[in-house]
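Have a look at the structure below before the remarks.
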There are 2 protein chains.
Amino acid sequence: MALEHAILVSLLEQPGSGYELARRFDRSIGYFWTATHQQIYRVLRRMERDGWVEVRDVAQDGRPDKKVYSVAPPGRGALSDWLAEPVEPESVRHSLAVKVRGAAFGDPAGLIAETERHRAVHAERLARYLAGEQRDFPESAELDAGAQLQHVVLRGGIAYERMTLDWLDDVLATLRRLGGAHPDPH
Amino acid sequence: MALEHAILVSLLEQPGSGYELARRFDRSIGYFWTATHQQIYRVLRRMERDGWVEVRDVAQDGRPDKKVYSVAPPGRGALSDWLAEPVEPESVRHSLAVKVRGAAFGDPAGLIAETERHRAVHAERLARYLAGEQRDFPESAELDAGAQLQHVVLRGGIAYERMTLDWLDDVLATLRRLGGAHPDPH
DNA sequence: CTTGCCTATGCAACGAGTTGCATAGCAGGA
DNA sequence: TCCTGCTATGCAACTCGTTGCATAGGCAAG
């Protein structure tokens with residue numbers, strides 16, 4: 001399970017509330033881990049119970065109060081332990097690929113719009129990552145170790161989105177080539 | 001949920017037992033969807049209960065009997081329905097990336113061996129996919145629609161592994177650049 | 001002949017992740 | 001004024017996915 005460790009990393013980079021963490025998971029952290037606010041709140045409570053994090057109630061004006069979490073020493077130890085353990089290389093789950101292969105038994109042309117929709121989402125993500133890269137990692141800057149590590153992870157997100165866009169173009173070309181010809185119509 | 005649909009696609013391409021499906025999910029289907037035999041058996045029973053698939057008991061000699069599943073018309077209908085529905089673009093979950101970013105608060109050099117291990121796994125997968133491509137999709141062949149769709153999905157798996165290898169090299173270079181310098185030692 | 005591996009299916013328990021809903025104050029636009 | 005949307009946290013119920021274990025016959029190596 002990496003969610004609790006992703007939260008530890010994020011809180012070490014910058015303490016914050018569950019809500020703020022949820023937004024980070026929608027943005028900067030989203031290119032290597034995702035989570036909903038429900039998961040985050042639940043895991044934060046468990047981590048607090050286990051002494052991994054500490055809470056501080058913060059009153060705000062014009063907004064609801066929030067609970068700001070920061071990492072306690074046992075949490076830091078748990079992260080170090082986990083860093084030293086091996087983890088399984090991830091396996092892919094791509095339901096669009098299931099659909100593409102399933103299109104052999106349905107309507108290939110009908111998948112074109114869906115594929116284009118996915119392409120638009122990935123193009124938007126790529127644009128967002130590239131903008132973030134320009135903003136946070138200007139070419140001339142001297143980066144400390146933390147920033148260099150953040151940057152190499154972001155480069156991974158960028159590479160993933162570029163690769164995905166190229167593949168979706170390949171899928172679109174294939175579907176269009178097959179368009180009109182309905183194979184295996186039963 | 002795409003597991004049941006992935007099973008439908010696989011059974012339409014070729015009927016088989018739960019055990020055989022599990023092996024396909026370890027091999028050809030593994031580059032776009034994964035599942036353990038537990039999940040597969042459970043989902044197969046549900047699909048049978050719902051009339052999506054039909055079972056036939058097959059006695060074998062020298063081996064345990066098996067139950068061979070094939071897709072029934074309602075299953076085919078369910079697949080068509082699902083193909084017409086939009087699905088959410090997948091989100092990534094890459095725990096190695098969590099570790100890389102976490103290395104800022106631990107030992108970057110200690111991650112090198114782990115990263116190399118991941119690299120070896122992905123290199124092996126790429127080699128396997130490329131061998132499968134040469135075997136199943138020779139350049140000169142005329143491919144029918146189903147084979148073309150299988151091929152484009154395989155190209156996606158190949159592109160993913162190549163991209164991942166490149167990124168892991170990038171990560172290794174970054175970790176080695178930081179090697180020795182322990183940032184933020186608390 | 002025993003140990004380990006492969007085929008083949010399955011139960012039980014647990015942990016991870018999703019979905020729908022609830023609350024509650026404030027801000028801004030129609 | 002009402003409706004929508006944002007901040008902020010949370011409960012309850014459910015499904016998905018993993019892990020450990022069990023059974024059971026056959027095969028091959030040591």
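All values derive from a computational prediction rather than experimental measurement. Letters A, B, ... mirror the listed sequences (proteins, then strands); counts begin at 1.
Checked against salt bridge (charged side-chain N to carboxylate O under 4.0 Å, His left out), A:Asp50 has no partners two or more places apart in sequence or in another chain. For A:Glu124, the salt bridge (charged side-chain N to carboxylate O under 4.0 Å, His left out) partners at least two apart in sequence or on another chain are A:Arg128. Applying the side chain to side chain donor-acceptor pair (under 3.5 Å) test to A:His122 and every residue at least two apart in sequence or in another chain returns A:Glu161. When the side chain to side chain donor-acceptor pair (under 3.5 Å) test is applied to A:Ser70, no partner is found at least two apart in sequence or on another chain. For A:Ser95, the side chain to side chain donor-acceptor pair (under 3.5 Å) partners two or more places apart in sequence, or in a different chain, are B:Glu90. Under the rule for a side chain to side chain donor-acceptor pair (under 3.5 Å), A:Glu54 has no partner lying at least two apart in sequence or in another chain. Legend: residues meeting salt bridge (charged side-chain N to carboxylate O under 4.0 Å, His left out) with A:Asp26, ordered by chain and number and at least two apart, are absent.
Using a 4.0 Å heavy-atom distance criterion, B:Arg45 is classed as a sugar-phosphate-only contact. Counting non-hydrogen atoms under 4.0 angstrom, B:Gln38 reaches a base of the nucleic acid.
For the pair B:Ile40 CD1 and D:dT18 C1', the computed distance is 13 Å after rounding to whole Å. For the pair A:Gln39 CD and D:dC16 C1', the computed distance is 12 Å after rounding to whole Å.
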Between protein and nucleic acid, restricted to nucleotides 23-25 of chain D and to nitrogen or oxygen atoms under 3.5 Å apart, what atom pairs and distances do you find?
none

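Rounded to 10°, the helix from C:dC1-D:dG30 to C:dA30-D:dT1 has 30° between the axis fitted to its first five pairs and the one fitted to its last five.
Interatomic distance, A:Glu116 CD to A:Leu111 CG, rounded to the nearest 0.5 Å: 11.0 Å. Put simply, CZ on B:Arg119 and CG on B:Leu165 are 5.0 Å apart, with the number rounded to the nearest 0.5 Å.
Not a single donor-acceptor pair under 3.5 Å links the side chain of B:Arg76 to the backbone N or O of A:Gly106.
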Report task. Quick one: do A:Trp167 and A:His94 satisfy ring-ring contact (aromatic ring centres under 6.0 Å, His included)? Show the steps, please. Result -> CA-CA 12 Å; A:Trp167 178 66; A:His94 207 124; 5.5 Å; yes
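Non-hydrogen atoms lying under 4.0 Å from DNA chain C are contributed by B:Ser17, B:Gly18, B:Tyr19, B:Arg23, all within residues 17-35 of chain B.
Extent of DNA chain C lying under 4.0 Å from chain A heavy atoms, first and last nucleotide in 5' to 3' order, is C:dA16 to C:dC26.
Across the interface with DNA chain C, nearest-nucleotide mapping of B:Arg93 and B:Tyr41 shows B:Tyr41 to be the residue nearer the 5′ end. Projected onto DNA chain D by closest heavy-atom contact, B:His37 and B:Arg42 fall at different nucleotides, the more 5' of which corresponds to B:Arg42.
Side-chain atoms of B:Gln148 and A:Arg177 include a donor-acceptor pair closer than 3.5 Å.
Note on residues 124-161 of chain A: pairs passing ring-ring contact (aromatic ring centres under 6.0 Å, His included), not counting sequence neighbours, are A:Tyr31-A:Tyr129, A:Phe137-A:His151.
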